[in-house]
Structures are given as C-alpha cells and as structure tokens.
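The structure appears right after this line, and notes come after that.
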Amino acid sequence: MLLTPSVTVRAPSGMVCSVDHLASAAGVEMLRDGGSATDAAIASSAVLAVTSQHMCGLGGDLFALVHDGGEAPLALNASGRAGSGADAQRMRSDGHRVMPLRGDVRSAPVPGVVDGWATLHEAAGELPLATVLAPAIRYAADGFPASATLAGSWDRIRDVPGNDDYAAVAPIRPGTIIRRPGAAAVLQQLVDGGRDAVFGGDYGRDLLDVGEGEYSAADLQRSQAEWVTPLSVDAFGSTIWTVPPNSQGYLALAGTAVASRLPLPDDPDDPAWAHLMAEAAKQVGQDRSAVLHDRADGAALLSDVRLDAAVDAIDPARAAALAVPAAGGGTIYLCAVDAQRRGVSLIQSNASGWGAHIVLPRTRIFLHDRGIGFSLRPGHPAEYGPGRRPPHTLAPAIVTGGDRKLRAVVGTMGGDAQPQIVQQLLVRLLHHGESPATAIGAGRWMLSPSDANGFDTWADPSGLQLALEGHASATWAAGLAERGHPVDLRPPWPGGFGHAHAIVVEDGHLAGAADPRSLSGAAQGH
C-alpha cells in the first residue's frame, strides 16, 4: 500500500517530531507551557515508552544530544551495562556462539532509559518532572489507542508470559484501548522519588528476580547515564555531531564526510549518487565489528587517515568487493526544538521488536535485548562481561553552522542501517537543499546481508546486497547493477528502512517532517 508522502510542517516557535502523534502532542504541550526542548523530548519519549512498547520502553536504553547554545552539544549515554553476573565463558559452555536474540536475560543489560530521563531533566529541564511525565502517566493509567504498527506486531508476543496488558484486550486492532497500570506506577515513582525509588521498587525487584544472579543490587544502584564528549566532523559547510562509542554514530559522520569529498551528481535520482553514497557507507563500515566497543576511540575512527583511505578506495564506476570478512526494529527516534533554538536529538530502543521477550512480572514492562551487540569471541574488545556496554546501533545527530548555532536535528531507527539512513538525509538536506519532507520521503538504499535480522550487516561484508525501496528513482536499480552492486529491489514503502525525522532551523521559523513509514508519526509545532 502506498502511503501519502509526508509534508514539511512549519512553525515559528517550537516543534517536535516522533513516530506517534500522541507523543509529539505531549512534547508540544510542554513547549506551550514554557518548557525547554529537553522537557519536550522527555515528555515525548515517556509517552512512546507507554504507547510503543513494541519499539521502545521503560526496559530499554537511550542516547541523546542536547544543543543548549554552547560551542558543542551535550552528549548523554544512557545505555545500560551488563550485570555483575555476566560470564562469557559460561555462555560459551552453554553452547552459545552469539548472544541470544530472545528469551535469555543475559542479553538484557541493566536498562538505562529511567536514568536517561532523570539525568536529562536535571541538566536541562525547566518544568517540574511531574508536569513532564503527566501525559505518559495519563495514557498508561487511563488507556491509549493502539497504533497500526503496534496492532500489526501483537502476534509476535501472543505467547510471551506476562503480556497481560495486551492479552486482556486481544485481538488488538488499530484503536484498541490498552492500559498499562504497571508502567503508570513506575513513572509515578520516578516523579515522587527519583530513579532510586524506581530501582528500589517493584521495577528493581523484578529485575533482580528475573535476572537470577545476572544483576546485583549494586548494579541497580549505579546510574546507567553519563555525559560524554560528542564526536563531530565538518562537511557541506556545517558541523555534524553525534554520540561516541559504544554508539555506531561515528559511521553516519564518517559516511557523510567521505561523501562530501566525492563527485556527487547534482541530482540524487542519478544512480551514480546512490552508488557513491553506498560505497562511502561500505568503506567506513566494513570493519565495524572489529573496532566498535565501549572503549573505542571515536576521534580516531573519524581521523583524516581513515576518511582519506575510504575515499581512495572508492571507484566512481564500480562497486568495491569486500572480500575479507570483518573480525569479529525495535527503536524510536524523536527530535525537539524550542523557541530559544535549543534542540534535542533523542533515540530510545528495545533493540529488536518487543526486545528480549522477557516481561518484568509485577510491572509488565518488556526488557530490551541490546546485549545482542556483545561478542562471545574470547578476547574480542566487545566481549560480553560485567559492567560492559554493548556496541549500539543508535546514532542520533545534530547539525550546527559555522557560528555553532543549531541548524538541524535528525535521526532514525533502523538497526545497523541507521547511519546509512542518516547519511542520506544529511546529504539531501545539507548538500542538495531538499526540504525535510522531500529528504525523508525519498526512496532509500540500504546495505543488507542476504539473510538479515537488522543487526548483522557487518558480520561478513563480502555478502552485502544493496536493498532499494520500490519508490526510489526508477534508474537506480539498473544503474547500480551495471556498476556491480547485487541489487535487492523491495516493494514501495517496505518495512525495515527506518522511521526518520528532522527539524531544520530556517530564517524566522522551524521546518520539520515525520517519516510516513511510521504510519502514525507526526511533526507538530507551535
């Protein structure tokens, strides 16, 4: 089914874009009440944690960039660490060669989203936390209508123990009213007593119970959120920022920087554009499995030596063969900008849809499975172990101009493809001057293995295909095949190509768009 393309929404003061109109409206409500972009982002994120458990939730992780008018944005890493019981050798003894995708609590590091919200609010919130979380608490307690994507994914957890909030009203169709009293209680505890009340209450007790030794009380007492130094590159007359490793955000910056040094055609519909853009992503990403871990040097991964080598390896007429294997969607993205042109780029995730398929029994919150990013290879720099953070696909971005003022906030969900999608959006917005709606609605390419789960793109780069959305330029498929790309042509507007959003600061107003691929997304302003 073809979707109505998104439109660019314009507003004079503030704007929020997310995958759910209820969440976007909650964020705008904060802006109208005099709150900051951070208040708006937290409010939207919390609503999504209630309404979009199939993509994110209170059992997941969070990264954020906050532009507050300073020289560089603030970068928050609220991705959880593996518990004290993490033991890679025991996993190997149990017969595992990779971290289990579902059904194993060892793939669920301590969730970081609660600490993420608390830390963001303490640093840049201006409204009381009770006000900021009120919409999410209201939807959780009183009920919210199921979105089309939630209704479509219900069958995946039909037999998961603890799915009572959803099973009670099954079969779930778009508009079915769902109530989540356990989530409401946890959110209220956060308002009343902060993160310690949450981890010291049913939420924390549930984690200790289902963990069966994976987590300790000390693990839960330690905040999972910390401020880190952002990464940046200069490209297309702007500076682009992201969070450092353990995030793969460096790939979006590296791919965009490499693309800025290539002879891109003026028309993105030219197959040469897709070829050069895909080759840039391939060259910077081929060793991701070997170099991305929680102690990686992000600045070194963006060095001119690496970027120049990637440029030199690209043939404008032919796809590169990556013959040597590298060693080695359940996410939401939202963005908010306020009247003072402070901006937040925030991404929150379960990893795969509905996460690990493990439900905390008293609160009925689903745990994420971000631990699938760990390696079980002995001695690997990302080897599963106590207190370690797994390599993360989450890659939010902020763009500033030469004066360091906010120019854009942009990001997407999409597993390993996130940097590739962000790269395409940045080039369309910054180099070609497309509107947010045009850039977001345009057909996308995506590097993908022939047998993919969304998280194994770089396991063997020699087997990559170039997947194309069916509504992309009609010349891409033939032109890319002629250049040696194995092309996988998908239907128009298929799943798996991300839910991207962007807000651009223009003269006197904001311009933004939400991705029509999310079905219920909205860009709302005031």
Rounded to the nearest 0.5 Å, what's the gap from [atom1] on [X] to [atom2] on [Y]? Could you check?
X: Gln424; Y: Leu426; atom1: CD; atom2: CG; answer: 10.5 Å
X: Ile42; Y: Leu133; atom1: CD1; atom2: CG; answer: 7.5 Å
X: Asn163; Y: Ile157; atom1: CG; atom2: CD1; answer: 5.0 Å
X: Ile398; Y: Leu65; atom1: CD1; atom2: CG; answer: 5.0 Å
X: Met55; Y: Ser153; atom1: CE; atom2: OG; answer: 8.0 Å
X: Leu120; Y: Leu129; atom1: CG; atom2: CG; answer: 11.0 Å

### Query
Between Tyr166 and Trp354, how do the two ring planes meet: parallel, tilted or perpendicular, split at 30° and 60°?
perpendicular
Using modelled atom types and a 3.5 Å cut-off, is there a donor and acceptor pairing between side-chain atoms of [X] and backbone atoms of [Y]?
X: Ser345; Y: Val409; result: no
X: Ser24; Y: Ala522; result: yes
X: Glu383; Y: Gly379; result: yes
X: Arg180; Y: Gly143; result: no
X: Ser52; Y: Ala49; result: no
X: Arg205; Y: Gly200; result: yes
X: Thr131; Y: Leu127; result: no
X: His96; Y: Ala88; result: no
X: Gln348; Y: Leu48; result: no
X: His368; Y: Pro109; result: yes

Quick one about [Y] and [X] (side-chain donor to acceptor, distance below 3.5 Å, no hydrogens or angles considered), yes or no?
X: Thr149; Y: His54; result: yes
X: Asn77; Y: Ser247; result: no
X: Asn350; Y: Asp369; result: no
X: Asp39; Y: Ser36; result: yes
X: Gln224; Y: Arg389; result: no
X: Ser520; Y: Asp20; result: no

Student check: side-chain heavy atoms of [X] and [Y] closer than 4.5 Å:
X: Pro135; Y: Met30; result: yes
X: Ile137; Y: Gln188; result: yes
X: Leu150; Y: Ile178; result: yes
X: Phe199; Y: Gln221; result: no
X: Arg388; Y: Arg295; result: yes
X: His526; Y: Met15; result: no

Salt bridge check, [Y] against [X]: does any charged N sit closer than 4.0 Å to a carboxylate O?
X: Asp416; Y: Arg288; result: yes
X: Arg342; Y: Glu126; result: yes
X: Arg362; Y: Asp209; result: yes
X: Glu122; Y: Arg195; result: no
X: Arg179; Y: Asp164; result: no
X: Arg444; Y: Asp515; result: yes
X: Arg138; Y: Asp142; result: no
X: Arg370; Y: Asp61; result: no

### Query
Between Val422 and Ile240, is a side chain to side chain contact (heavy atoms under 4.5 Å, CB included) present by the stated rule, with each step listed?
CA-CA 11 Å; Val422 171; Ile240 307 165; over 6 Å; no
### Evaluation steps, side-chain hydrogen bond (donor to acceptor under 3.5 Å, both in side chains), between Ser18 and Ser44
CA-CA 8 Å; Ser18 82; Ser44 298; 5.5 Å; no
Of all heavy-atom pairs between [X] and [Y], which one has the smallest distance, and what is that distance?
X: Gly521; Y: Ala514; answer: C-CB, 4.0 Å
X: Cys17; Y: Ala502; answer: SG-O, 3.9 Å
X: Pro361; Y: Val210; answer: CD-CG1, 3.8 Å
X: Ile365; Y: Gly59; answer: CG2-N, 3.5 Å
X: Thr229; Y: Pro244; answer: O-CG, 3.3 Å
X: Leu22; Y: Pro145; answer: CD1-CD, 4.1 Å

### Message
Using ring-ring contact (aromatic ring centres under 6.0 Å, His included), reason through Tyr333 and His499 one step at a time and then give a plain yes or no.
### Response
CA-CA 7 Å; Tyr333 170 77; His499 298 162; over 10 Å; no
### Task
List the steps and the verdict of side-chain hydrogen bond (donor to acceptor under 3.5 Å, both in side chains) for Ser216 and Asp219.
CA-CA 5 Å; Ser216 69; Asp219 294 334; 3.2 Å; yes
### Query
Around Arg97, counting heavy atoms of other residues, nucleotides and ligands shown, do more than 12 lie under 6.0 Å from its CZ?
no
### Task
Evaluate whether atom CZ of Arg92 has more than 12 neighbouring non-hydrogen atoms of other residues, nucleotides or ligands under 6.0 angstrom away.
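More than 12 within 6.0 Å, yes.
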#### Entry: Candidates Val198, Val186, Asp165 - the one meeting side chain to side chain contact (heavy atoms under 4.5 Å, CB included) with Thr363
Val186
### Task
Among Phe374, Tyr250, Phe63, find the residue that satisfies the ring-ring contact (aromatic ring centres under 6.0 Å, His included) test when tested with His392.
Phe63
### Message
Could you go through Val243 and Leu231, starting from their C-alpha distance and side-chain angles, then the distance that decides it, and tell me whether this counts as side chain to side chain contact (heavy atoms under 4.5 Å, CB included)?
### Response
CA-CA 6 Å; Val243 291; Leu231 300 179; over 6 Å; no
### Query
So Leu62 and Ile347, side chain to side chain contact (heavy atoms under 4.5 Å, CB included) or not? Walk me through it.
CA-CA 6 Å; Leu62 179 153; Ile347 192 161; over 6 Å; no
